[in-house]
Amino acid sequence: MKRVVALLMMMTAMVAQAWRPVNENAPEPAREFRAAWVTTVFNLDWPSKAGLSAAQQKQELLTILNTAVKLKFNAIVLQVRPNADAIYKSSLEPWSCWLSGAGVNPGYDPLAFAVAEAHKRGIEVHAWFNPFRATISGKSVGKNHISRRNPGLLKQAGTTQILNPSSSTAQKHVMAVIMDVVRRYDIDGVHLDDYFYPYPPHNNISDGKSPSQRRAAIDGFVKNLYQQVKAAKPWVRVGISPFGIWQPGYPSGVEAGVNAYEHLACDARKWLANGWVDYLAPQLYWRIKGPQSFTALMSWWSSINPKRPVWPGIASVRIDSKEDPGRPASEIGAQMDAARKLARQSCGQIFWSWRSIGSNRGGVHKEIKRRYTGYALPPAMPWCRDVVPGRPAAVSAVEKGNTVVLSWQPADKTARKWVIQAGTSRGWYTVCVLPGGQKQVTLPASFFNNATRIAIRPISACGASGSPGTLAK
């Protein structure tokens with residue numbers, strides 16, 4: 001009889017400990033854009049050198065993604081078009097020389113692989129295009145490269161050739177290339193760098209255009225790009241990373257050897273003010289103290305259009321560098337703090353570039369980990385025709401040995417991500433981020449130590465947060 005009573009007590013305790021659905025909410029997960037540029041040109045970040053096997057290239061990319069997860073990043077900005085070539089399968093441009101050789105098929109589709117593996121890990125992929133650079137220092141190009149098919153579109157700029165930015169034919173080609181990627185790949189963003197017209201002393205290409213005419217051409221290109229991307233896939237974010245100073249003297253006292261407005265035809269202030277970008281990432285590569293103050297510039301950029309975010313480019317590559325001798329990693333941490341404080345719409349940072357992050361230059365991981373203490377989602381962008389996903393149904397959690405199996409059914413097809421949250425007596429934390437197509441996950445029980453609540457929350461493609469299905473113990 002005692003054994004029966006003991007068994008009943010054990011069964012009662014087990015039932016009491018089982019996870020059960022409850023009509024409760026959970027606090028919103030933290031939001032911050034946390035990214036790094038992953039550069040392919042010159043093999044700066046990935047792949048480490050041209051000619052690696054497909055397996056080696058994949059392994060290097062997986063190492064980047066796994067490290068990004070450990071550091072609690074939520075995005076990479078992957079350079080997919082370094083110089084009118086492609087690191088993806090394209091009928092419009094040849095395979096990039098930085099992969100397996102000019103025009104040489106690497107044996108897989110790197111962009112498709114990157115997107116699939118990144119999304120498995122809750123990492124966004126923003127496809128980074130250099131719009132007008134065509135050739136570099138005589139580097140070989142594939143047979144169907146634009147420099148061979150239509151050399152009349154090219155202008156010489158030192159040892160580089162660029163597609164004439166003011167040519168409507170050149171702009172149409174670039175637009176077709178970008179929109180081809182938008183339509184065929186499940187990317188999260190389209191990203192352009194600062195290279196519209198070349199930097200001095202090679203900015204005076206023989207196009208017969210005045211600075212104002214050049215700006216008008218680039219303004220039209222940026223506006224058209226935004227409209228076309230949004231017409232095709234409204235949830236794909238459009239971001240541009242201009243030179244960090246709009247013009248010398250803006251803000252007052254800031255010095256610059258380059259006038260991006262005049263030399264590069266880059267009127268990024270207009271693009272942000274007019275809402276022709278979803279975010280701007282000015283390259284604020286200088287220190288907090290100095291003639292190009294990081295904080296002064298960050299404050300100025302943030303003031304232009306408080307409804308759209310400014311996520312500064314932060315130069316982790318300049319830690320202990322020739323460009324900035326003696327710069328400590330603590331400068332990067334201070335800039336992260338300043339970026340958070342001065343943000344008006346939402347917080348975020350993009351690090352230039354991955355190699356300095358992956359190699360932990362100067363101990364920068366310590367600075368990042370101090371600030372990225374928990375997972376965060378990229379900020380929501382409700383102006384992108386957003387919808388709020390419905391609450392998931394049939395939410396369950398079953399403990400099996402040292403694991404917990406979570407299952408759920410989506411209410412609709414609008415969830416692009418699922419955020420798994422856990423609640424304890426000390427508060428809530430994000431356990432992981434999963435792709436929208438997933439309906440079940442098996443996680444270590446240690447992820448839920450001391451948790452009395454589990455929430456499974458849908459997130460839309462534009463970042464809108466739906467009500468979670470919540471379990472209690």
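Below, each value reflects all heavy atoms present in this structure, side chains not excepted, and no hydrogens, waters or symmetry copies. Residue numbers start at 1 and run along the sequence shown. Just so we're clear, the structure is a prediction, and the values are computed from it rather than from any experiment.
Legend: residues meeting side chain to side chain contact (heavy atoms under 4.5 Å, CB included) with S210, ordered by chain and number and at least two apart, are S212, Q213. In terms of the ring pair (Phe, Tyr, Trp, His ring centres under 6.0 Å) criterion, residue partners of W408 (sequence neighbours excluded) are, by chain and number, W418.
Ring to ring, Y279 and W301 are not that close: their centroids are 6.0 angstrom or more apart. Taking the six-membered ring where the residue is Trp, the centroids of H173 and F132 are separated by 6.0 Å or more. Checked against the 6.0 Å centroid threshold, F73 and W37 do not count as a close aromatic pair. Between F33 and W311, the gap from one ring centroid to the other is short of 6.0 Å. The aromatic ring centres of W246 and Y261 sit less than 6.0 Å apart.
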Would you tabulate the side-chain donor-acceptor contacts of residues 229-242 under 3.5 Å, counting partners in other chains and residues two or more places apart, or write 'none'?
{"unit_1": "K230", "atom_1": "NZ", "unit_2": "P234", "atom_2": "O", "d": "3.1"}
{"unit_1": "K230", "atom_1": "NZ", "unit_2": "V236", "atom_2": "O", "d": "2.8"}
{"unit_1": "K230", "atom_1": "NZ", "unit_2": "D278", "atom_2": "OD2", "d": "2.6"}
{"unit_1": "K233", "atom_1": "NZ", "unit_2": "V182", "atom_2": "O", "d": "2.7"}
{"unit_1": "K233", "atom_1": "NZ", "unit_2": "Y185", "atom_2": "O", "d": "3.2"}
{"unit_1": "R237", "atom_1": "NE", "unit_2": "D188", "atom_2": "O", "d": "3.2"}
{"unit_1": "R237", "atom_1": "NE", "unit_2": "W235", "atom_2": "O", "d": "3.0"}
{"unit_1": "R237", "atom_1": "NH2", "unit_2": "E124", "atom_2": "OE1", "d": "3.2"}
{"unit_1": "R237", "atom_1": "NH2", "unit_2": "E124", "atom_2": "OE2", "d": "3.0"}
{"unit_1": "R237", "atom_1": "NH2", "unit_2": "D188", "atom_2": "O", "d": "3.3"}
{"unit_1": "S241", "atom_1": "OG", "unit_2": "A281", "atom_2": "O", "d": "2.8"}
{"unit_1": "S241", "atom_1": "OG", "unit_2": "Q283", "atom_2": "NE2", "d": "3.3"}

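No more than 12 heavy atoms of other residues, nucleotides or ligands sit less than 6.0 Å from atom OH of Y250.
Between the side chain of S90 and the main chain of L92, a donor-acceptor pair closer than 3.5 Å is present. Side chain of S137 to backbone of K139: no donor-acceptor contact under 3.5 angstrom is found. Side chain of R31 to backbone of P378: a donor-acceptor contact under 3.5 angstrom is found.
Donor-acceptor pairing under 3.5 Å is lacking for the side chains of Q79 and T39. Judged by distance alone, the side chains of N144 and R149 never bring a donor and an acceptor atom under 3.5 Å apart.
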For this session: Let me see the working for Q349 and E32 under side chain to side chain donor-acceptor pair (under 3.5 Å), right down to the final yes or no.
Result: CA-CA 8 Å; Q349 307 91 38; E32 185 172 42; 3.0 Å; yes

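With respect to the salt-bridge test (charged N to carboxylate O, under 4.0 angstrom), the residues D219 and K223 do not qualify.
Remark: R133 qualifies as a cation-pi partner of Y195 under the 6.0 Å distance and 45° angle criteria applied to the six-membered ring. Relative to the six-membered ring of Y372, K72 misses at least one condition, a distance below 6.0 Å or an angle of at most 45° to the axis.
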